[in-house]
Amino acid sequence: MTNILLQDIYIQVAIPVPMRQLFTYLVPNALLNDKSLVGERVIVPFGHRQVIGIVISVDDDTPLEKDKLKAIISRIDSDTHLPAPLLKLLTLAARYYHHPIGDVFQQALPVLLRKTEPPKKPVCHYWQFNESCEPTKIKTFKQGRAKKQIQLLRLIENHHKLTWPEIRTLGYTKAQLKSLEEKQFISALEKPIEVYHWQTKYLNESDKLNLSAEQAVIVSAIDQSTEQYSCHLVDGVTGSGKTEVYLQAMEKVLANNQQVLVLVPEIGLTPQTLNRFEQRFNVPIFLHHSGLNDKERFDTWQSALQNCAAIVIGTRSAVFSPLPKLGLIIVDEEHDGSFKQQDSFRYHGRDIAILRAKQLNIPIVLGSATPSFESLQNALTNKYHYHQLTKRAGKSVEAKISLIDVANQPLEFGLSKPLKQLINTTLNRGEQVLVFLNRRGFAPAINCNECHWVADCHRCNKPYTLHRSQGLLICHHCTSQKRIPQQCPDCGSVRIKPVGQGTEQIEEYLTETFSQYSTVRIDRDSTRKKGELAKRLQAITDKEHQILIGTQMLAKGHHFPDVTLVAMLDIDGALFSFDYRASEHMAQLLVQVAGRAGRASKPGKVIVQTQYPQHPLLQDLVNNGYRHFAQQSLTERKMAYLPPFGYQALFRAEANYPSYPEKFLRQLAQTPISSCEIAGPMPAAMEKKAGKYRFHLILQAKSRPELHTAIRQMIAQSQQNEWLNKVRWTIDIDPIDLSW
DNA sequence: AGCACGCCGACT
DNA sequence: GTCGGCGTGCTC
């Protein structure tokens, strides 16, 4: 390592370690060329190993001791150079969330960029119906027994072409595909992905709908601000035509040869969304979600970067797609909690999207039937353009919500008599019923009827959930499993019984009670298998089932026009939660579930079972609707300086011993800071989880700058904290779930 | 997060 | 005697 060969060029590199800093390196003369280093990946010596880092900036001087610096080993020169705006976005995000910058880059980039060898240029593999094969051969095949293959063939026929990721998401295997290919019903095609250029036939006009007056106003508002930042909140009930607004807003942007980014809450929604977009636009569309493997994700990333993708549809992390010609961002179901990452780098996909739109000077559209209170507040104070879609397409009416008081009446498996009667009459009319219970498993606990012993998970100190179909007790907090005990370990009694109801139990009960009808359950357990969710949803649409039971999975995206009765069994928990957001989430869930049901000719009805029918929150929601409810809650939050009127940060610390996290946070709370309130340290609502003891410290300020200054002071102080190395700790900016 | 260094227990 | 347990400290 001689310094003679080195020119005075110092680069700041983001290294994948959990440290809130950049590392400075020298660049040997031999590695300099006319390409800018900024945004490039480099291999650097780091401690006793070599790692891949990303160059954040280039300087010609450094305050560090120059002879202690190391030189980079090599540059990974390829076509994976990060565009400057994305680099800036990630740097800003790291600063805003006070998260280690190396980790921010690592999480935002596809895993394959962690490797030195970048995979080759993506090609698009797809399967197409073979027009030249004999119709008679197909006819006989379709009457045959290879059910899955027949379904798949039909799908490929209907879609003209399907790619492997799409086929896999729909629940089919490579084997089934190969088999169809061997029979020559379909053929595999591949083509290199090309740079996208606007073409006259990019739009399928025949698919286009006429806009209502309300919709037209929104579209023209967005169209008028294409060259500048503007945020549009589209507040519209289910079926009011939000998607059509998105599509027509995208039209101008695509015609302008720009790219569009669409964020959706979960993968469950992507195939549908893709379908609708593909029918309208003849442009390359790429998906980005957790169902893709590393190669596929990299393909999307690369295609976006090379301007081969016109539209990227994806979940939370798609907000970091490199889109050099991004012209519009759409965040669908913006209120959805899944936009917030709930571990390590706790960013909010929607908020990053807004930051990105501001940075690029482009419009962004947030859509929801139940906007988050933050967004509503921004709309009411004119930070966002607020658009309401009040009319449902066609003549359908919004479902009416009514309450059933269950405080003084016996329940059978969680269902009241009047509710059972309603279910019965609805089924007899030949209509479908949806029973909603946000608790999977058979029962949320089991206990001993003699000594009141409860089976608790020892790692979390919380009751095990009984999963009877699997014959197991499963802890929903740490996923640990245990056999069901035959005897009470305390008193030896065999009278061990389930307590309370979960979806599994309700399904069993309803199947027995209404045995002439078919029942289907939709929750994480019953849809674990790939394609199972799509299959069950299709079966519901095909009216194979009359009774639908499910958790909040049922509240997302899908519409069930033949469901005319929605029953919500247990929402009381949210009425008395210490978490001030619980009621917001309850209201959103209720309105979302209600929106799943009914159509013009058959309006839906929503029944909520509650012990507290007079509770002001419920009364307000039922009588005055979501928006009034939201405004009431916002008034209350304003008085208490709660978000969005105050700004919060949550420090979490955990360790294997209960005293460490508390001591660490107590010392952290001693940091001299101004204009911020500190609450805690207090044990987390789940003090013990997966064997670790957890404490919280909440910081609250009346302005963001004050909050960030205080956090910076506390981070600086934490270096001297004597318990620092005994705990793991993280910062959560704008925390949503305070319970863990 | 890795990875090395270092200082104590149960093995051939 | 030493293999390896994981506590501690460092990384431009």
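Values reported hereafter were calculated over all heavy atoms of this structure, with side chains retained and with hydrogens, waters and symmetry mates removed. Lettering of chains follows the sequences in order, A, B, ..., and the numbering in each one begins at 1. Quick caveat, the model's predicted, so the values are computed rather than measured.
The separation between F23(A) atom CZ and dT11(C) atom P is 9 Å, rounded to whole Å. Distance, E722(A) CD to dG9(C) P: 13 Å, rounded to whole Å. One can place CD1 of I15(A) at 8 Å from C1' of dC12(C), the figure rounded to the nearest angstrom. Between the CD1 atom of I54(A) and the C1' atom of dC12(C) there is a distance of 16 Å, rounded to whole Å. One interatomic measurement links the two molecules: CZ of R49(A) to C1' of dA4(B), which rounds to 12 Å at whole-angstrom precision. Distance CG (N656(A)) to P (dG7(C)): 9 Å, rounded to an integer number of Å. Atom C1' of nucleotide dG7(C) and atom OH of Y657(A) are separated by 10 Å, given to the nearest angstrom. What separates CD of Q50(A) from P of dC12(C) is a distance of 12 Å, to the nearest Å.
Phosphate proximity of dG9(C) to N725(A): present, with a side-chain N or O under 4.0 Å from OP1 or OP2. For the pair K68(A) and dC12(C), the criterion of a side-chain N or O lying under 4.0 Å from OP1 or OP2 is not met. The phosphate of dT8(C) (OP1 or OP2) has a side-chain N or O of K726(A) nearer than 4.0 angstrom. In terms of phosphate contacts, R728(A) brings a side-chain nitrogen or oxygen within less than 4.0 Å of OP1 or OP2 of dA1(B).
Listed nucleotides dT8(C), dG2(B), dA4(B) differ in distance to H48(A); the shortest reach to its side chain belongs to dA4(B).
F23(A) has its ring centre less than 6.0 Å from the ring centre of F46(A). In this structure, Y347(A) has its ring center under 6.0 Å from that of F320(A). Centroid-to-centroid, the aromatic rings of F373(A) and H335(A) stay 6.0 Å apart or farther.
At a threshold of 4.0 angstrom between heavy atoms, the contacts of Q21(A) include nucleobase atoms, whether or not backbone atoms are also involved. Within the nucleic acid shown, F46(A) comes within 4.0 Å of at least one base atom, counting heavy atoms only. P16(A) comes within contact range of no nucleotide atom at all, as no heavy-atom separation falls under 4.0 Å.
Between R356(A) and Y229(A), the side chains place no donor N or O within less than 3.5 Å of an acceptor N or O (distance only, hydrogens not considered).
With sequence neighbours excluded, no residue forms a salt bridge (charged side-chain N to carboxylate O under 4.0 Å, His left out) with K325(A).
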